Amino acid sequence: MKVKVNQDACIGCGACFAIAEDLFEMDENGLSKEKVEVVPEELKEAAQEAVESCPTSAIVAE
Ligand code: SF4
């Protein structure tokens, strides 16, 4: 599983950092960026939760 933030859609709400701080962080523009490309097995549930919680559907998982 991979995650990628579409920064054109991100509004910097912080939900994904709150849910999965090991997967997402705020960049210098106040937008989310992924900390890892490939999600470790133990963080898959958190990644899925972040995807579902993003208000703008900015996180793409594949
Ligand atoms: S939850 Fe979505 S909109 Fe909010 S900071 Fe994360 S990627 Fe951006």
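For the numbers below, each heavy atom of this structure counts, side chains included, while hydrogens, waters and symmetry mates do not. The shown structure was predicted, so the numbers you read here are calculated from the model rather than taken from an experiment. We count ligands from 1, going down the list as the structure has it; atoms in each ligand are counted the same way. For this chain, numbers begin at 1 and follow the sequence in order.
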Let's go through Leu23 and Val39 carefully: what are the C-alpha distance in whole Å and the side-chain angles of both, what is the deciding distance for side-chain contact (heavy atoms from CB on, under 4.5 Å) to 0.1 Å, and is it a yes or a no? CA-CA 8 Å; Leu23 295 177; Val39 178; 4.2 Å; yes
Counting non-hydrogen protein atoms only, what is the nearest one to atom 3 (S) of ligand 1? Give residue, atom name and distance. Ile11 N, 3.4 Å
Would you say that Val3 contacts Phe24 through its side chain, given a criterion of any heavy-atom pair below 4.5 Å between the two side chains? yes
For ligand 1, which atoms, with element, lie under 4.0 Å from some heavy atom of Cys10? 3 (S), 5 (S), 7 (S), 8 (Fe)
Nearest protein heavy atom to atom 4 (Fe) of ligand 1, by residue and atom, and its distance? Cys13 SG, 2.3 Å
Looking at atom 4 (Fe) of ligand 1, is one of the N, O or S atoms of Cys54 less than 2.8 Å from it? no
Best match, Leu31, Ile59, Ile19, Asn6: closest heavy atom to atom 7 (S) of ligand 1: Ile59
Do Lys33 and Glu25 have side-chain heavy atoms sitting under 4.5 Å apart? yes
Mark up the atoms of ligand 1 that fall under 4.0 Å of a heavy atom belonging to Thr56, in ascending order. 3 (S)
Run the numbers for me: atoms of ligand 1, each under 4.0 Å from some heavy atom of Ala15, listed by number. 1 (S)
Taking 2.8 Å as the cut-off, does an N/O/S atom of Cys16 lie below it from atom 8 (Fe) of ligand 1? no
Give the minimum heavy-atom separation between Glu34 and Lys4, together with the two atoms involved. OE2-NZ, 3.3 Å
Are side-chain N/O atoms of Asn29 and Gln7 paired as donor and acceptor at under 3.5 Å? no
Without swapping roles, check the side chain of Ser32 against the backbone of Met26 for a donor-acceptor pair under 3.5 Å. no
